[in-house]
Amino acid sequence: AITAGDSLACKQAPGVMLIGTALAASAASSDEKKQTKRPVESPFRQQKMRAWQPILTPKWAIITFFAFGIAFVPLGVWFYITSQNVVYVEKRYDDQCAMYSRCNVTFSSTRQMNPPVYFYYQLENYFQNHRRYVASRSDDQLRGFVISNSAVCAPADSIPSGAPYNQNTSLILNPCGLIAQSMFNDTFRLYDGNGDAVGWTSNGITWPSDAYKYGAPQGGIILAENGFPQLNSSNPDFRVWMRTAALPRFKK
């Protein structure tokens, strides 16, 4: 005979099994959802957003090109006039002057030069962008800190012990590195047709963003040859030289 309690137990048992099966299926579905790499079902993620793609007919293409052409005509005329007003004089002197000597080079301009007048030197076949050349510098030393290891400046990092200073230990160059030690050191003076010196200044030739990169030189030995400017991080010409050029032909 089946009692009321037995009948209740028989009816509840399948219910418990169904609940357990539902929980297991939910956990499996949750694991699959966490592991999937499918983007979220949204118009933006599924690239289903509305878009407008213009299809230019020959008529609209011609109108567009003519409109841009007419707009750029006055701009091109302004660029051309501006470039024609630039007075440019170039003079090569390495074929007239011997190394480590002073010489006079005469040049003249057929047009009036209005201030400000800028003076540049130009080098060719000088690869400042070489990987080893660019890396041979010490930014800490240029900022004014005393460095004890100059390996970053190799191979132009120090002077061996002994000659020419008869020191017992090697001396770290300041500034060290190939860039600093190969600075272009030709000096120039300008004179007018009457022989009077033309004054000029190097102030303002460096980038304002380079100001924080340099400080007062500390430590090491500072080399300077007679008649040539001292390699000093406060020298504007030196700062311009330290900003390496990307191409083998450059002006500074």
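All values reported here derive from a predicted model rather than from experimental measurement. Each residue takes its place number in the sequence, starting with 1.
- Here the CG-CZ distance, from N85 to R111, works out to 6.5 Å after rounding to the nearest 0.5 Å.
- Using cut-offs of 30° and 60° on the angle between ring planes, the pair Y120 and Y118 is tilted.
- More than 12 non-hydrogen atoms from other residues, nucleotides or ligands lie less than 6.0 angstrom from CH2 of W200.
- Residue Q181 comes nearest to P175 through the heavy atom pair NE2-O, 2.6 Å, listed as atom of the first residue, atom of the second, then distance.
- Atom CZ of F188 is surrounded by more than 12 heavy atoms from other residues, nucleotides or ligands within 6.0 Å.
- For the atom pair NZ (K91) and OG (S108), the distance works out to 8.5 Å, reported to the nearest 0.5 Å.
- Listed for the S136 side chain is no donor-acceptor partner under 3.5 Å among the backbone atoms of R132.
- Across all non-hydrogen atoms, the minimal contact from T206 to P236 is CG2-O, 3.4 Å.
- Put simply, OH on Y133 and CZ on R137 are 10.0 Å apart, with the number rounded to the nearest 0.5 Å.
- Using a 4.5 Å cut-off between side-chain heavy atoms of Ile, Leu, Val, Met, Phe, Trp and Tyr, with links allowed through other members, V73 and F79 fall into different hydrophobic clusters.
- Closest heavy-atom contact between S138 and V152: CB-CG2, 4.0 Å.
- A donor-acceptor pair under 3.5 Å is absent between the side-chain atoms of Q128 and the main chain of M242, judged by distance alone.
- Remark: K252 qualifies as a cation-pi partner of F250 under the 6.0 Å distance and 45° angle criteria applied to the six-membered ring.
- Following chains of ILVMFWY side-chain contacts shorter than 4.5 Å, one cannot reach F72 starting from I62, and the two form parts of different hydrophobic clusters.
- Closest non-hydrogen pair, A98 versus S101, comes out as O-OG, 2.5 Å.
- Looking at Q141, its side chain does come within 3.5 Å of a backbone N or O of L173 through a donor-acceptor pair.
- Heavy atoms from other residues, nucleotides or ligands lying under 6.0 Å from OH of Y93 number more than 12.
- Within a 6.0 Å radius of CZ in R45, no more than 12 heavy atoms belonging to other residues, nucleotides or ligands are found.
- We find the CD1-CZ distance between I70 and F65 to be 13.5 Å, quoted to the nearest 0.5 Å.
- V86 and M113 sit in two unconnected hydrophobic clusters of ILVMFWY residues. Membership requires side-chain heavy atoms under 4.5 Å apart, directly or through other members.
- Under the 4.5 Å side-chain heavy-atom criterion for ILVMFWY residues, a single connected hydrophobic cluster contains both F184 and Y126.
- Atom-to-atom distance recorded for I205:CD1 and F119:CZ is 12.0 Å, nearest 0.5 angstrom.
- Of the possible polar contacts, one joining the N235 side chain to the D237 backbone as a donor-acceptor pair under 3.5 Å is found.
- Side chain to side chain, Y191 and N104 fail the donor-acceptor criterion of an N or O pair below 3.5 Å.
- Counting all heavy atoms, side chain and backbone alike, D210 lies closest to R243 at OD1-NH2, 2.7 Å.
- Tracing side-chain contacts under 4.5 Å through hydrophobic residues (I, L, V, M, F, W, Y), one reaches I179 starting from L123; they form part of the same cluster.
- Rounding to the nearest 0.5 angstrom, the gap separating the CG atom in L142 from the CG atom in N174 is 8.0 Å.
- Using bins of under 30°, 30° to 60° and over 60° for the plane-to-plane angle, the ring pair W241/Y121 lands in the tilted bin.
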